[in-house]
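Reminder, nothing fancy here: chain letters follow the sequence lines and each chain counts from 1.
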Amino acid sequence: MSDNKNNNPIAFVATSVIPESPPPARETGIYKWVRENLFSNIPNGILTLVAIAVLYKVLSSTLPWILNGIWTTSSLAECREVLQGKTGACFSVLAERWQQLLYGFKYPEEEYWRPNLALILLFFAMAPVLFFDLPRKLLGFTVIYPFLAFWLIWGGSIMVPIVAMLGFAAAAVVFQKLGKGSFAAGFFGAIVSALVIWKIGGMLIPENASETAMLTAVPSRDLGGFMLNMMLGVTCVSLSVPLGIALALGRQSSMPLIKWICVVFIEFVRGVPLITLLFVASVMLSYFFPPDATVDLFLRVVIMITLFSAAYIAEVIRGGLAALPKGQYEAADSLGLDYPQAMRLIILPQALKISIPGIVNVAVGLFKDTTLVSVISMFDLVGMIRGPVLASTEWNGVYWELLGFAAALFFVVCYGISQYSQWLERRLATGHR
Amino acid sequence: MADTSQMQVSDEIAITINQMNKWYGSFHVLRDINLTVNQGERIVICGPSGSGKSTLIRCINALEEHQQGSIEVDGTLLSNDLKNIDKIRSEVGMCFQHFNLFPHLTILENCTLAPIWVRKTPKKEAEERAMHFLEKVKIPDQANKYPGQLSGGQQQRVAIARSLCMMPRIMLFDEPTSALDPEMIKEVLDTMIELAEEGMTMLCVTHEMGFARQVANRVIFMDAGQIVEQNEPEEFFNNPKSERTQLFLSQILGH
């Protein structure tokens, strides 16, 4: 500085506070944007041109196919007649068979309103769980929903879901009462009380109840189409998340027996392909039940898919638990919180938040894996396409349209799940670390 | 600030540690620890790193398990009985080097969580008490922020307020200023001094010797898992008896 009296070259004193100023304004305009983002240098320019070429190639061959699509004929042969050699899709199969693709080929047509209603109510039931800013009272409907949906889709006597619900309610009450003293007492007490209620309730329901019921009974083997995928997906995801949490905590348990059971279960299930588990469900599982017990195939498949994805979710959550600093456990302990409180209030909220991308990954994968049930001759969306639709004389050979339709349906749901998870991550970010 | 070292200490015993030993595997971390702390006493524990001073105070609220000897806190014997452990933990507050605030909860929720769930305090009352203690540590205006938005010194003061909300009879401090920038150490120490002036029983593991001189009525020096020397602060700093203490003090006060 020139006015430095000491002539000391390193002495410096700031004489004023430098005022805040806005950052330099960025130049705008489309030309600049294109130059900066698409053609900033020669390799980038080449990449841009190649990308445009690829896009043109793809669109120029698919768009005419879609836009020329035929929607009104009644067989593939008629489609070909109308098109007379031009490219064009034969969407008529969707127009004619959409009901089969969505509901399966045996679900009674006049009852379609029941799964439709169940689907609409599903959104109301999921809303308070997914968007926790909504009033907590709405959760009441979420609790009732599984039983209501069961009754809507399967029909039959309303007594069945009511007895099931009473069983769970009794279990919850017993757990509340006994669980305060000891967790084990509450847990086993709850199971016993639920079983007792179900046994008594089962005896009270008259044999012919389903014949006189308000809603016609639909057996499980008549369910199919995308409805079946949705049912399996929703049921299995919502069951496997809590089971996965329990397994992850069990794997960290200091009680060796519980820890070993969880480790063996997780490692075994993860080491076996889902398809073998499904074959076990369809063929072999009945050997494990008493001879007179007929456990529904749908239920058996739900059990297997749930166990399978619970093992994966458990490992994802274990990663989240391991990522938490030890200090969080110590702080919870030092404040006198007991194990369930520390887990519920401190550890799991943070561990689950870290695990969201992983859990969503498993959930999306699980939802798509529900199409594997077509291999054990359940007629889900893919099963319907491969079986009744493609095997019919009218539509034999309409692969692209049908499988594209299936892909589109799955994409819509999976993309929705993924968008939700991104919203959730943003919503839960509290600006730390 | 008032010199608190002459403050009254009651005859009531807060903590008794009798012939306590602890091992990590085969490594003998704590050796024959005998310590009696009266209600209202302010003890500073110092010593080189690895001397077992943190482990000692972490044994008092059972964050670490001891293998031999006994620890009695407020008349409750520390054993494997979870009920006793939870009872002691709710009477003993603790502040950590890295604050360990709950990052997913606001400052206010951090402070009200344990009173509501452990003490079953009604939410409104817990919030009033939390605001009272947040005022005391001089950050009531941050109550609705998240820990990640606060500076280190502010976080540590929140951690102190969080412990105080449980109305503890004893406070443990495990190097509360070691992770802080120099500018923030003072605000945390001021809070601790204020707490000492109110007669809180305190055990502090710290290297802040100025704090020890001003506040403590006993300084304990540990080395290699052993209590080497303990004395009143004046005597401890001006006239250390053991060679090991002299060496340690010359190293930390020397520069």
Side-chain angles (χ1 to χ4, degrees), chain A residues 132-133 136 176 179-186 245 249 253-256 258 317 320-357 359 423-433, chain B residues 54 57-58 60-65 82-107 109-120 144-150 155 158-159 162-168 170-174 179:
Chain A
F132 33 83
D133 295 327
R136 297 289 79 193
Q176 282 274 320
K180 280 196 184 117
S182 119
F183 176 79
I245 293 173
L249 292 180
S253 169
S254 54
M255 286 179 271
I258 291 184
I317 293 175
L321 288 171
L324 284 192
K326 202 165 151 250
Q328 292 293 311
Y329 293 86
E330 289 179 350
D333 282 347
S334 75
L335 286 170
L337 295 169
D338 59 22
Y339 177 80
Q341 287 171 342
M343 286 301 138
R344 200 183 120 202
L345 302 168
I346 308 298
I347 304 303
L348 281 178
Q350 297 184 59
L352 290 179
K353 188 179 130 191
I354 302 174
S355 319
I356 291 170
I359 294 178
W423 173 83
L424 188 62
E425 277 177 62
R426 281 197 303 273
R427 169 67 180 71
L428 290 178
T430 53
H432 59 84
R433 277 200 296 269
Chain B
S54 286
I57 69 164
R58 287 158 61 87
I60 293 173
N61 67 351
L63 286 184
E64 304 277 356
E65 214 179 329
L82 284 177
K83 285 213 176 83
N84 279 357
I85 291 181
D86 281 341
K87 181 157 181 282
I88 286 174
R89 280 175 178 167
S90 59
E91 299 296 330
V92 178
M94 180 153 193
C95 289
F96 301 87
Q97 184 177 359
H98 296 289
F99 333 130
N100 297 354
L101 293 178
F102 305 131
H104 62 302
L105 300 176
T106 63
I107 300 306
E109 286 165 341
N110 263 281
C111 292
T112 57
L113 182 101
I116 289 174
W117 289 90
V118 180
R119 289 249 195 269
K120 314 287 177 207
N144 291 317
K145 290 195 181 166
Y146 286 94
Q149 297 165 295
L150 268 57
Q155 289 194 41
V158 171
R162 178 176 73 177
S163 301
L164 292 179
C165 284
M166 285 293 280
M167 302 295 200
I170 301 164
M171 283 288 290
L172 309 174
F173 292 88
D174 187 0

Compare every heavy atom of [Y] with every heavy atom of [X], then report the nearest pair and how far apart it is.
X	Y	result
A:L337	B:D86	O-OD1, 4.4 Å
B:F102	A:A331	CE2-CB, 3.8 Å
B:A114	A:L335	CB-CB, 3.9 Å
A:P349	B:H104	CB-CD2, 3.6 Å

(request) Return the set of residues passing side-chain hydrogen bond (donor to acceptor under 3.5 Å, both in side chains) with A:E330 (not counting sequence neighbours), or none when no residue passes. (result)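 Result, side-chain hydrogen bond (donor to acceptor under 3.5 Å, both in side chains) vs A:E330: A:K326, B:R58.
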
(request) Would you mind checking which part of B:L101 comes under 4.5 Å of any heavy atom in chain A, side chain (CB onward), backbone (N, CA, C, O), both or neither? (result) backbone

(message) I want to check something: taking the side chain as every heavy atom from C-beta on, are B:V118 and A:Q341 in contact at a cut-off of under 4.5 Å?
(response)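 Side-chain contact under 4.5 Å: yes.
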
(message) Side chains of A:S334 and B:F96, heavy atoms from C-beta outward: is any pair under 4.5 Å?
(response)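 When only atoms from C-beta onward are counted, B:F96 and A:S334 do touch, with a gap below 4.5 Å.
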
(message) I need the B:M94 CE to A:D333 CG distance, nearest 0.5 Å.
(response)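 Rounded to the nearest 0.5 Å, the CE-CG separation comes out at 11.0 Å.
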
(request) Flag yes if more than 12 heavy atoms outside A:Q176 fall under 6.0 Å of its CD atom; otherwise flag no. (result)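 Result for CD/A:Q176: open.
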
